[in-house]
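Let me begin by presenting the structure, written as structure tokens, before commenting on it.
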Amino acid sequence: MRAALYSRTGPAADVLSIVDRDRPEPGAGEVRVRVAWSGVNPSDTKSRAGSRSPIMPFPEVIPHSDGAGIVDAVGEGVDGLRRGDRVWLWNAAWGRPFGTAAEWIVVPARQAVLLPDNVALDVGACLGIPALTACHAVSMDGGVAGRRVLVAGGAGSVGHYAVQMARLCGAREIFATVSSEEKAALAKSAGADHVLNYRSEDLAQRLLELTGGQGVDRIIEVDIAANAKADFEMLAANGEIVAYGSGRPDVIVPFVPGILKNIRLSFFIVYHLGDADRVRAIGQLTQWLRADLLSHRIAARFELDAIADAHEQVESGRAIGNVVVSPWAHATRPS
Ligand SMILES: NC(=O)c1ccc[n+]([C@@H]2O[C@H](COP(=O)([O-])OP(=O)(O)OC[C@H]3O[C@@H](n4cnc5c(N)ncnc54)[C@H](OP(=O)(O)O)[C@@H]3O)[C@@H](O)[C@H]2O)c1
């Protein structure tokens with residue numbers, strides 16, 4: 001089978017190559033999926049670039065944790081999945097050497113989730129990281145029903161889902177930050193009541209005006225290092241910051257507003273969701289998908305041969321939406 005692979009970390013164009021490998025066979029409890037689309041997330045590009053660690057976790061890595069396709073072989077003892085099922089995948093390249101940037105992948109059956117028939121496979125390749133992260137950030141710690149929520153980066157891959165999900169979960173008022181008119185329109189169409197430009201406005205001042213000085217109850221934060229100071233100003237008493245991203249490794253938080261307002265700051269990584277949280281998030285997401293309640297945004301589709309371009313597009317920050325790669329030409333791609 002054709003696969004994209006790297007055996008050292010570095011710039012995409014230098015380290016990614018297309019190789020031929022044996023098609024994997026599923027063992028007990030596993031399924032093999034013919035991958036239609038493979039999702040590229042910032043986490044995949046950071047791992048490949050070596051920005052988390054220059055040391056390779058395995059001698060060879062086929063990148064990408066997200067993907068979707070068709071089950072075409074089932075190992076012994078697998079219940080609930082059959083050949084021909086359309087599925088989306090989670091954690092396919094987390095703690096595993098071979099991810100979804102290949103014609104086939106074998107995963108433990110629980111990491112393949114049935115994709116409702118009304119959802120396209122390219123959308124399925126964007127659920128494992130962006131949609132599950134947004135779903136957990138919105139629904140953790142009692143959720144956001146009746147509460148004011150600020151989604152930082154409300155037009156990002158995670159942020160766009162988080163705005164929609166906050167609306168679906170009954171948030172009282174939703175605020176989103178963006179950096180351009182185009183992103184403002186996207187966050188608005190996702191359901192934000194107020195959109196603030198974090199580059200040109202004094203965020204805390206404007207948000208406090210909009211909330212009559214009360215502030216928001218939860219901030220879903222894409223860049224805690226850049227925004228911590230403003231976040232502590234914008235939170236209401238007993239408010240919380242759910243940080244899933246940071247532009248820098250170290251975060252400085254202001255102690256006085258933190259303690260006087262009883263602010264909670266929590267971090268999570270979607271790869272490490274506990275079983276109960278993951279089951280809940282997948283169940284909720286499946287319901288919304290079946291009911292067609294989410295809008296999805298694919299910014300760019302690439303052939304596997306152009307995987308380095310796909311990585312560069314994600315790294316550039318220019319993509320508004322998800323970037324996906326297909327290992328199959330159009331005529332042979334599973335649908
Ligand atoms: N913890 C987890 O499990 C988890 C899961 C998914 C993603 N992440 C991390 O979260 C980050 C975003 O991922 P993504 O896939 O959503 O990326 P993305 O699609 O590129 O979206 C990021 C968004 O954040 C905006 N942004 C950047 N800096 C900002 C700032 N200081 N304040 C407000 N908005 C800002 C960007 O727009 P502008 O630059 O135009 O403002 C963009 O719209 C990445 O660092 C990723 O590694 C973590």
Side-chain angles (χ1 to χ4, degrees), residues 39-49 51-52 63-66 90-91 93-95 125-140 150-165 175-188 190 192 195-204 206-207 219-231 234 241-249 251 265-274 277-278 281 285 296-300 310-324:
V40 189
N41 284 283
S43 172
D44 301 308
T45 63
K46 289 176 199 171
S47 297
R48 185 229 71 235
S51 53
R52 288 201 185 101
H64 306 172
S65 276
D66 283 0
W90 52 268
N91 280 15
W94 184 249
C126 312
L127 300 176
I129 293 179
L132 283 189
T133 300
C135 192
H136 185 66
V138 166
S139 57
M140 64 188 279
L150 168 65
V151 178
S157 298
V158 175
H160 183 237
Y161 279 124
V163 171
Q164 297 179 65
M165 292 172 180
F175 301 79
T177 65
V178 296
S179 65
S180 69
E181 286 299 316
E182 187 183 3
K183 289 184 177 178
L186 187 60
K188 273 244 167 208
V195 179
L196 293 75
N197 188 317
Y198 74 90
R199 292 207 180 130
S200 61
E201 298 186 81
D202 181 329
L203 275 194
R206 169 103 193 282
L207 185 129
I219 299 179
I220 297 176
E221 185 53 77
V222 66
D223 188 349
I224 184 64
N227 297 327
K229 185 169 177 294
D231 287 354
M234 293 187 287
I241 302 171
V242 176
Y244 67 90
S246 181
R248 291 195 301 274
V251 181
L265 168 57
S266 58
F267 298 83
F268 80 91
I269 190 157
V270 71
Y271 295 126
H272 290 170
L273 285 186
D277 286 334
R278 189 173 296 280
L285 183 57
H296 312 280
R297 190 168 164 109
I298 304 227
H311 275 223
E312 284 165 10
Q313 177 142 7
V314 170
E315 287 170 316
S316 74
R318 283 194 309 272
I320 306 183
N322 296 103
V323 172
V324 293

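As the structure is a prediction and not an experimental result, all values here were calculated from the model. For ligands, and for the atoms within them, numbers begin at 1 and follow the listed sequence.
Listed by number with element, the atoms of ligand 1 under 4.0 Å from a non-hydrogen atom of Ile269 are 1 (N), 2 (C), 3 (O). Within ligand 1, the atoms closer than 4.0 Å to a non-hydrogen atom of Ala226 are 31 (N), numbered from 1 in the order shown. Applying the 4.0 Å criterion to heavy atoms of Arg199 picks out, from ligand 1, the atoms 39 (O). Heavy-atom contacts of Thr177 reach the following atoms of ligand 1: 33 (C) (cutoff under 4.0 Å).
Here atom 14 (P) of ligand 1 lies nearest to Ser157 when heavy atoms of Ser157, Gly39, Gly128, Ser65 are compared. Across Tyr271, Phe268, Tyr161, Tyr198, heavy-atom proximity to atom 41 (O) of ligand 1 is greatest for Tyr198.
For atom 9 (C) of ligand 1, the nearest non-hydrogen atom of the protein is Tyr244 O, 3.8 Å. Remark: minimum distance from atom 25 (C) of ligand 1 to any protein heavy atom is reached at Gly153 CA, 3.9 Å. The closest protein non-hydrogen atom to atom 6 (C) of ligand 1 is Ile129 CG2, 3.4 Å. From the protein, the heavy atom lying nearest to atom 23 (C) of ligand 1 is Gly156 CA, 3.7 Å. Residue, atom and distance of the protein heavy atom nearest to atom 37 (O) of ligand 1 are Lys183 NZ, 3.0 Å. Atom 15 (O) of ligand 1 has Pro42 CD, 3.4 Å as its closest protein atom, hydrogens excluded (heavy atom only). Looking from atom 11 (C) of ligand 1 to the surrounding protein, the closest heavy atom is Val222 CG2, 3.8 Å. In this structure, atom 45 (O) of ligand 1 lies nearest to the protein heavy atom Lys46 NZ, 3.0 Å.
Only the side chain of Thr133 comes within contact range of ligand 1, with a heavy atom under 4.0 Å; no backbone atom does. Contacts between Val270 and ligand 1 below 4.0 angstrom, taking non-hydrogen atoms only, involve backbone and side chain alike.
Although no hydrogens or angles enter the test, the distance criterion places no donor-acceptor pair under 3.5 Å between the side chain of Asp44 and the main chain of Pro63. Ser51 places a side-chain N or O within donor-acceptor distance of the main-chain N or O of Lys46, the cut-off being under 3.5 Å.
The shortest N/O to N/O separation between Asp223 and ligand 1 falls below 3.5 Å. Taking any N or O of Val158, backbone or side chain, at least one lies under 3.5 Å from an N or O belonging to ligand 1. Distances between N or O atoms of Asn227 and those of ligand 1 include at least one value under 3.5 Å. The distance criterion of under 3.5 Å between nitrogen or oxygen atoms is met by Ser179 with respect to ligand 1.
Side-chain contact check for Tyr198 versus Leu196: every heavy-atom pair is 4.5 Å or farther apart. Side chains of Val151 and Tyr161 form no contact here, defined as non-hydrogen atoms less than 4.5 Å apart.
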Q.
Between Tyr271 and Ser43, is the side chain to side chain contact (heavy atoms under 4.5 Å, CB included) condition met? List the steps.
A. CA-CA 10 Å; Tyr271 295 126; Ser43 172; 2.6 Å; yes
Q: Begin from the C-alpha positions of Val138 and Ile220 and carry the test side chain to side chain contact (heavy atoms under 4.5 Å, CB included) through to its verdict.
A: CA-CA 8 Å; Val138 166; Ile220 297 176; 3.6 Å; yes
Q: Start with the C-alpha distance between Asn41 and Ser65, add both sets of side-chain angles, then the distance that settles side chain to side chain contact (heavy atoms under 4.5 Å, CB included), and finish with yes or no.
A: CA-CA 8 Å; Asn41 284 283; Ser65 276; 5.9 Å; no
(Q) Between Ile224 and Tyr244, is the side chain to side chain contact (heavy atoms under 4.5 Å, CB included) condition met? List the steps. (A) CA-CA 8 Å; Ile224 184 64; Tyr244 67 90; over 6 Å; no
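In this structure, His160 does not count as a contact residue of ligand 1, since none of its heavy atoms falls inside 4.0 Å of the ligand.
Ring-plane geometry between Phe268 and His136 is classed as perpendicular, the angle between the planes exceeding 60 degrees on a 0 to 90 degree scale with a lower cut at 30.
Nearest heavy atoms, Glu201 versus Val195: OE2-O, 4.4 Å.
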Anything under 3.5 Å between a donor and an acceptor, one on a side chain of residues 177-188, the other on a protein residue two or more places apart or in another chain? List them.
residue: Thr177; atom: OG1; partner: Gly153; partner atom: N; Å: 3.0
residue: Ser180; atom: OG; partner: Lys183; partner atom: N; Å: 3.2
residue: Lys188; atom: NZ; partner: Asp193; partner atom: O; Å: 3.3

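For Asp223, there are no salt bridge (charged side-chain N to carboxylate O under 4.0 Å, His left out) partners two or more places apart in sequence or in a different chain.
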